[in-house]
Structure formats: structure tokens, C-alpha cells
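Here's the structure we're looking at; comments come further down.
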Amino acid sequence: MTSPLTDAPIWYDPGVRHLWFPYTQMKTAQPPLAVSHTEKTSIHLNDGRCLIDGIASWWTAAHGYNHPHILAAIKNQLERMPHVMFGGLMHEPAAILAQRLAHHLPGDLDRVFFAESGSVAVEVAMKMAAQYWINQGQRRHRFLFFRHGYHGDTLGTMAICDPDEGMHRHFRGILAQHIMGELPENPDKLAALDRLLAQHKSDLAAIIVEPLVQGAGGMRFHSAETLRALSRLAKKHDILLILDEIFTGFGRTGHMFACQKADLVPDIITLSKALTGGTLPLSAAIARRPVYEAFHSDDPDHALMHGPTYMAHALGCAAANASLDLFEREDRLGQARAIAQQMTAGLEPCRSAAACADVRVLGAIGVVELKQAPDIPRLRDAFLARGLWVRPLGSVIYLTPALTIDPKSLDQLMRGVCDVVRSL
Ligand SMILES: *Cc1c(COP(=O)(O)O)cnc(C)c1O
């Protein structure tokens, strides 16, 4: 891998020789683009080009890049204390953030455990669920997950991702064995899931699902009614329900949290991605009161034995508090709904393209699914030529822009997608 440019910055080639990139066959991949800085919904490259960002840096930058309010909060916290260990110590940014998250989340989801990445938050949620039963004298070691689900890349979370998309075949024998179900989207699937749960209930700690949208597994939507049906089954069989809102949380679906659209309260919820508005790594696993109470005891063995070194990172918590300020002060949910309207109209012309299999929009998520996986390098170049940063998931081209994107930039993104899809 060397720079495709003659005017690459001097750090490019020496750096690229030592870096290992995500989800990348290093031998054949196109070299990454050198970014000099970001601004609002733009990514500025070192060679002077400026790209409109269609995916908000893996769905994190909800308010656009370099939002002055978040930057000021980080700078202010930086002067006082970038970080301090969370064992035996605590600090104001975490105290405030925990209260505010509890306030924004529905029901009694009010006990917040902070970590640094989404995968680790899911691992913590899994440990909470398993130990919830252990502390009550029951051994329930399995999780029920869904086809096309994605919950992270660590060994624990890979075992609850779609086995085909997660490339489980490489790791057979390493991954724990859990149980995959189908989302109860129709009466037959509902009955099948009911039977599956009845069969495995004494083994199952929890059901885990990405509510309303399965993100990395292909931006697949399901209804609030499907989610409610799932929640009813979990209650019926006395199995905990974990909602992984790492992607859907913070307005992406047009609701602050997707579970609010279905009017339900999971036992545990996981958050990350847009939690700090795309500035710093931070995540949380948040439990309902009855889950927490199973740990609250005089027995030291009943404690939750987990503690990331950078737990409740003070800069991250300050950034997250500033991001929540923006959600509270500005109409982000209204913006998400306006984006949904604009995308519903703007992506419609793609539907008649020969290569197009489906067009769908939910909140600030617009999807054009192709009939077959495109030539990704060719697609990347076609988007770059139009000044756009769009990165498809296999055959799924999607837009998840910042919720603050202006209508003109969004229009350029959608025109680009439609042009490129029509040219396939
Ligand atoms: C991105 C994502 C994760 C993993 O988060 P990381 O920070 O990449 O570890 C887990 N669950 C969902 C739903 C995600 O979208």
C-alpha cells in the first residue's frame, strides 16, 4: 500500500507501512485517503479536496464535526483533568452524565456502567445478564441473538453476531455457542421463536437485539410491533431483554432511543457511537433497577467484576454532556424527521435503476440496496469524483449523515447516490 497521490503528505508512506486497517485485505485494498481536518459535515483531504460526509464517521458525528460547544466542553475539562481512574474515585462529568442518561432513558433504566467502546459495553451487558441469574443460583450461559445482527468484534460479541456476516467459520471452536433466532416479523416466525425460547429457556440469560434497525448487518428495518412482540416473548419466558442501541441511540431513528418508538423498556440497554457526538470513545451499559438489585448484596461474590482502565473517561463524559446539551437545546429529533422526509423523496428515483433491489428510509437512515454486491473500489472512486464520502456495506449503499446536515448537502449526497446507482 502506498499513496495513490504524488502530493501525499510526508507522513503518509512511512505511516502506511506500519498501520493495520480495519476490515481490510492489506495486500489488495485501495490506499486510505489522507485527511487533514474536518468541519461541520465535511472531510477535508490533504490534497485539498473536500468531501461531504454521508455516514458521519460510522454514525458518531450526530452534530457534525468540530461542534464548538462540544470542543469548548472538552477543552474546559482538559485543563482540569483529562482522566482519573474510576476505581474508588469519581468525578463530576461522570456523575452528571449518569443522571442525565437515566433521565433521558425510559422507565427505571437508571444504573449506568461506563466503558470505552461499543463492543465492551455489549460484553458488560452480557456479563450483567449472565450474573443476574448466577446471583440467584441459576446457571444460564446462553444468549439468543438474531440473523443479520451485529454487536461488536470482540470474541464475546462475535459469538452473538450473524455467523455468516461475522465470519464465524474462521473462529469455530473459539467462539461460545449461542442460539440464533429469526425476528418475529410474522405469525409463523413468532410461533417459531416462541418454541425456540420454550426449548432453551433454562439455558438463556438474555435475548439481544438491535431495536428497529440492524445496522452493520445491512441496515435492515423491523417494526415497533415486531419489537413489542419480542419483548412480550421475553417476559413470557422470563428471559432478560438487552437492546443494543449503539447505532440507533441519540436520534438516529427519529426518536431519542428506538425503544421509545415501541414504548418499551429493556432490562439492559447499550449505548456508544453518537454518545460523545463523534469526538471521544465512550460507551455505557445501563441496567434497570431489578437487574442492579440482583447484584446489590452483602456477598462480595455478587459484585460485577468488570472495570475498564479508562472507565468513565472524564473528557469523554464532558463531551457526552455537551452532546446532550445540544439534543436538549436544539431540535435534533425534528432534524432527523426532516432528513427522513427529504430522503424519502430524494432517494425514490433510485428505485427505477436496473441495479436497485430496494429503497428504504427510517429516520436519518437512507438505504439503496443493490441486487448484487458492487465493485467497491469503483464505487468509491465514483463517489469521490462527486465530492462525496459514502462507504457501502456490501450491496447496501446507505446514508447516515449528521443530523445537522443542511438540505443542500443532503441533496448532493442523494443525487450522487442516484447517479452512481443508475450508472451500474
Ligand atoms: C458499532 C456497533 C457495536 C460495536 O461498537 P464498537 O465501538 O465498534 O466496539 C456494537 N453494536 C452495534 C449495534 C453497533 O452498531
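Atoms within a ligand are numbered from 1 in the order they appear, just like the ligands themselves.
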Next on the checklist: For Glu245, which part has a heavy atom under 4.0 Å from ligand 1: side chain, backbone, both, or neither?
Outcome noted: neither

Next on the checklist: Does the structure place the NZ or CZ of Arg360 under 6.0 Å from the centre of the six-membered ring of Phe221, at an angle of no more than 45° from the ring's axis?
Outcome noted: yes

Item to check | Exceeds 12 heavy-atom contacts within 6.0 angstrom, atom CG of Asp263 | outcome: no

Checklist outcome for this item: Numbered in order shown, the ligand 1 atoms found under 4.0 Å of a heavy atom of Ser119 are 4 (C), 5 (O), 6 (P), 9 (O)

Item to check | Which of the ligand 1 atoms, numbered from 1, are nearer than 4.0 Å to a heavy atom of Trp59 | outcome: 15 (O)

Checklist entry - Can any side-chain N or O of Ser272 pair as donor or acceptor with the backbone N or O of Leu282 at less than 3.5 Å? => result yes

Item to check | Numbered atoms and elements of ligand 1 in range of His151, under 4.0 angstrom, heavy atoms | outcome: 10 (C), 11 (N)

Checklist outcome for this item: Ranked by distance from atom 2 (C) of ligand 1, the top protein heavy atom is Lys273 NZ, 2.6 Å

Checklist entry - Do the two ring centres, one from Phe145 and one from His151, sit under 6.0 Å apart? => result no

Checklist outcome for this item: Exactly one candidate in Thr279, Asp53, Thr404, Thr60 meets side chain to side chain donor-acceptor pair (under 3.5 Å) with Tyr65; the answer is Asp53

Checklist entry - Any donor and acceptor pair, going by atom type alone, linking the side chain of Arg252 with main-chain N or O of Trp59 inside 3.5 Å? => result no

Checklist outcome for this item: Residue, atom and distance of the protein heavy atom nearest atom 7 (O) of ligand 1 read Gly118 N, 2.8 Å

Checklist entry - Does the N or O separation between Asp244 and ligand 1 drop below 3.5 Å for any pair? => result yes

